[in-house]
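One structure below.
Just so we're clear, the structure is a prediction, and the values are computed from it rather than from any experiment. Computed from heavy atoms alone, side chains included, the values below leave out hydrogens, waters and symmetry copies.
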Amino acid sequence: MNILKDKKIPEFKFPKFKFDNLSELNNINIEELKKVKNNSKNKKSGPYPSTDYKTIKEIFDKSTKEYKDREFILEKFDKKNYSSITYGKYREDVIYFGTSINNVLNLQNEKIAIIGENTYHWYVSYMSLLCSSQIAVNLDKDIPVNEIENLVNRSGVSAIIYSSKKKSAIDKIKNDLPAVKYFIEMNSEKELEEKDVGMQYLINLGKDRVELGDNSYMEIPIDEEEFKVLIFTSGTTSMSKGVMICNRNLAQNINAVSSIVKLYPEDRFFSVLPLHHTYESTIGYLLPLANGCSIAICEGLRYLVDNLKDTKPTAILAVPLLIEKVYSKINENIKKGKKENIVNSMIYMTNLLKHVNIDLKKKVFKEIHQSLGGNIRIIVSAAAPIDDKVIKWFEDIGIVMLQGYGLTETAPIAALTPEYDRKAGTVGKPVSCAKIKIDSPNENGEGEILIKSDTLMLGYYEDEEKTKEVIVDGWFKSGDVGYIDGDGDIHITGRCKNVIVTKNGKNIYPEEIELLLNDLKEIKECIVCGRDSGRNDDLVITAVIVPDYEYIEKEHNLKKDSKEEIHELFNKKIKEVNKKLSSYKVIKNIEIRDIEFEKTTTMKIKRH
């Protein structure tokens, strides 16, 4: 999965839509439905019963026994067809591998790094460590070789489990990592030779030991409060913070989500985000595991549409940039086929029908659903703000859109939209194990979001000073700015470090303006910042824009080298955006750049 290899989302295509299946909407009396709609009320059906897990080992043991014969992981090992691995097979591999880690390599209580793309062996590696005495150090597969070396040394890693695709990178730094005792290659049967060994070889050795009666691995006790996972935040190795996570943090995520989202063993998650990130490794891996669901691994974003059709998932975790790309691509096809009016009419009518408990959305929008595999019922967006209109559109075609909020430091969930009480524009309410409040709110109720939660990290690795800075009296200073509305729903408006403070003391959160700019199809991506005017005067609100030249040429007949005309086009577009903003927020300057912004693993622009 190369979600960030090229620092941008690659192109993918959806089919043309015909929308010939409209028989369900014949003879509907719209005026009667309007009357019923005005008198109807949405009924809540939650919260759901919550689980009470204490450790991930408890989840692993229960699920792999209960769902032994069910599919767990689907992956294209041969790059041709998806193969499935059952819960039972997965259980055996975890136990066998864990047995060898402990009793063959003697790596008890050591830190072990995992680096590689999303693959079955990553899932096995992580779980083997979670259920044992080791600390898992989850490294971003896309960091440069020198950063791998620095983070391994900084965290005191004793072994590295790596995918075959990372072999060349690991080979380059082996001699510079004298403290590393073993280099374990995933999906390899290489016998132990000095420090090198294959993961499958260790699994086979572990199997032999277990069959001879070695049951010690599953008897290893797990302390729910013990430091178990180390995850480094985005940033350079010298600045990135090591977040220390315990079993309680992870288990409480599962307990909290279980009460607000209903999952079934028949559900299938689609794994498209990198597993080293806590969003995917917790909500995209441990959560489906706890519910007997299966997980289909995406080959890469350029294969997104084909993989969706092949695996027919029911749930996708994604970041806004990906969701908005899917939304744009589907709607481009609708526009090309001159179907906008009919789609809008279908949305209007099916919304009316839904208010009287007649839900025809999946039938009416069958073609769109089929382009996403045919079974999608939930999409979860997190890691950054998402445009309300995108959320509403997916809901309008019959897909439940949930928004989550949290950070690596909250492992990751702190708030989530309840499935039974959704409201666009918010990230929902605090989960059951969390409390959220606003610090020193301004006249609009906005301030820094503070979090107190059972999912909150133990602290930053070897940085007690920084830990004390961000956790005060048990409250974590998130660095995010937002407010809580009258219904208790949380709204995120920006980041403290991104805020632009004007000379008269006004705070401007660039994310708010960027959401408006991203509505312009002429813009591929942008950031808003305050530029020094050079006259000791106020900061100039500036939009730094990466144009969508393909769209501009098609819609405005302007070539990429038509610099002045393109600049004037953006001047006109920005004037329209400024009409929606308070006077002190208006954009006064435009900068155009041709190179896309560098992004973090969760597809957020690095603003530096």
Under the ring pair (Phe, Tyr, Trp, His ring centres under 6.0 Å) test, which residues partner Trp393, sequence neighbours left out?
Tyr327
Would you say the side chains of Asn253 and Thr282 form a donor-acceptor pair under 3.5 Å?
no
Is there a salt bridge (charged side-chain N to carboxylate O under 4.0 Å, His left out) between Lys579 and Glu576? Walk through the geometry before answering.
CA-CA 5 Å; Lys579 291 176 183 178; Glu576 292 303 310; 3.2 Å; yes
For the ring pair Tyr420 and Tyr48, is the centre-to-centre distance below 6.0 Å?
yes
Under 3.5 Å, side chain of Ser258 to main-chain N/O of Asn255, donor-acceptor pair present?
yes
Using only atom types and a distance under 3.5 Å, with no angle test, would you say the side chain of Asn578 pairs donor to acceptor with the backbone of Ile587?
yes
NZ/NE/NH1/NH2 to OD/OE distance under 4.0 Å, Glu511 and Arg495
no
In chain order, what residues pass the ring pair (Phe, Tyr, Trp, His ring centres under 6.0 Å) check against Tyr551, with sequence neighbours excluded?
none
Could you tell me whether the side chain of Asn249 and the main chain of Asp454 form a donor-acceptor pair under 3.5 Å?
yes
Is it true that the side chains of Asn351 and Lys361 contain a donor and an acceptor less than 3.5 Å apart?
yes
Restricting to side chain to side chain donor-acceptor pair (under 3.5 Å), what partner residues turn up for Thr314, sequence neighbours left out?
Asp267
Hey, what's the ring geometry for Trp122 with Tyr285, parallel, tilted or perpendicular (30° and 60° as the breaks)?
perpendicular
Any chance you could lay out the salt bridge (charged side-chain N to carboxylate O under 4.0 Å, His left out) test for Glu469 and Lys466, step after step, and finish with the verdict?
CA-CA 5 Å; Glu469 281 181 23; Lys466 188 65 179 177; 3.4 Å; yes
Whether the Gln134 and Asn109 side chains hold a donor-acceptor pair (N or O, under 3.5 Å, no angle test) is what I'd like checked.
no
Electrostatic pair Glu395-Lys392, nearest N-O below 4.0 angstrom
no
Is it true that Asp439 and Lys477 make a salt bridge, defined as a side-chain N closer than 4.0 Å to a carboxylate O?
no
